[in-house]
Amino acid sequence: LLVVLIFPVAWLAVASGLLPQFLLNTKLRAGIRGLADLQAPRDENAQKKIAAQILRVMPGSIYYVLVSQLSVLLISLFGTTEGVAQVGALSRIALLMSFLLSVFQLVAMPRYARIPEQESLRLRRTYLLLLCGLVGVAAVAISFTWLYPHAVLFILGAKYSSLTYEVVLAVAAGALSVISMAMGTL
């Protein structure tokens, strides 16, 4: 309620997210009617496992949401407008690494989730293979940025062409963030 008073259009932002979510939930319920019993009682064991997973991932997710906003706030308080623009531009480049996490979650996670818990050796081997593949792709992205920073900075425009060292750090930070989020969700 306080947010609505401080930011008068915040309700509009919240409401614009409610309609698509409602439509998605309606279509999901209609699609699973023949596959699942919607009146079945809750599985307490599954609920505890899900809650434990959420609690394990939550600190990293909160950090991931707040870290870029915090850096912009600090630079705006103690830096220049040019510094704020540079951090914003570099964070957009680092955000490109999150595409890697999305692909990983869509392609690799379902295959990993299908492995039975009893096959611990197979789980461990698959976990290491998936992480090594992700680290390899991240290393290629970091290496490309290190070898050709101007090619990456070309995306941002000529005003940011002097950030050759910083863009490598931004991509490396994005890659480490993606790897840590993937480790936490596996």
Side-chain angles (χ1 to χ4, degrees), residues 1-73 91-141 171-186:
L1 182 62
L2 182 63
V3 172
V4 174
L5 296 175
I6 295 172
F7 301 105
V9 292
W11 68 271
L12 185 61
V14 171
S16 67
L18 290 177
L19 180 65
Q21 187 65 47
F22 175 76
L23 292 173
L24 179 67
N25 288 350
T26 304
K27 285 189 128 333
L28 182 63
R29 281 189 184 276
I32 64 168
R33 284 202 199 280
L35 303 172
D37 179 14
L38 298 178
Q39 305 302 323
R42 290 184 177 170
D43 182 359
E44 296 296 325
N45 190 26
Q47 191 172 359
K48 286 179 184 176
K49 285 182 178 181
I50 291 170
Q53 175 69 14
I54 289 171
L55 288 175
R56 189 167 59 94
V57 174
M58 193 179 342
S61 299
I62 291 171
Y63 170 78
Y64 189 70
V65 166
L66 296 178
V67 69
S68 63
Q69 302 305 315
L70 184 62
S71 63
V72 170
L73 174 69
S91 66
R92 287 191 301 267
I93 290 291
L95 193 61
L96 289 175
M97 293 301 293
S98 67
F99 174 74
L100 181 62
L101 182 63
S102 297
V103 170
F104 182 78
Q105 288 175 337
L106 286 172
V107 175
M109 292 290 287
R111 284 156 182 75
Y112 183 75
R114 286 189 201 121
I115 301 172
E117 282 185 62
Q118 295 79 14
E119 298 181 27
S120 62
L121 183 62
R122 184 174 168 209
L123 276 170
R124 194 172 309 130
R125 189 179 81 233
T126 306
Y127 177 81
L128 291 173
L129 284 172
L130 289 173
L131 280 182
C132 287
L134 192 61
V135 167
V137 172
V140 167
V171 170
L176 287 175
S177 176
V178 164
I179 291 167
S180 68
M181 300 252 324
M183 288 174 69
T185 57
L186 280 179

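Only heavy atoms go into these numbers, but all of them, side chains included; no hydrogens, no water, no symmetry mates.
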To check you understand the geometry: which heavy-atom pair defines the closest contact between L134 and A182, and what is its length? CD2-CB, 3.3 Å
Close side-chain approach of F104 to V178, heavy-atom, < 4.5 Å: no
CZ (R124) and CG (L121) are apart, to the nearest 0.5 Å, by 6.5 Å
Looking only at heavy atoms, which two atoms of R122 and T126 are closest? And how far apart? O-OG1, 2.7 Å
Under 3.5 Å, side chain of S180 to main-chain N/O of L176, donor-acceptor pair present? yes
Should L101 and M97 count as side-chain neighbours, where that means a heavy-atom distance under 4.5 Å? no
I need the minimum non-hydrogen distance between L123 and P116, along with the two atoms involved. CD1-O, 3.7 Å
Residues 21-33 vs side-chain hydrogen bond (donor to acceptor under 3.5 Å, both in side chains), sequence neighbours excluded, gives Q21-N25
Working to the nearest 0.5 Å, report the span between CG of L23 and CG of L28. 12.5 Å
When rounded to the nearest 0.5 angstrom, what distance separates OG in S120 from CZ in R125? 11.5 Å
Under the salt bridge (charged side-chain N to carboxylate O under 4.0 Å, His left out) rule, collect the residues that match up with E117, sequence neighbours excluded. K49
Validation row: Y127, L131 side chains within 4.5 angstrom (heavy atoms): yes
Compare all side-chain heavy atoms of M58 with those of L55 and state whether any distance is below 4.5 angstrom. yes
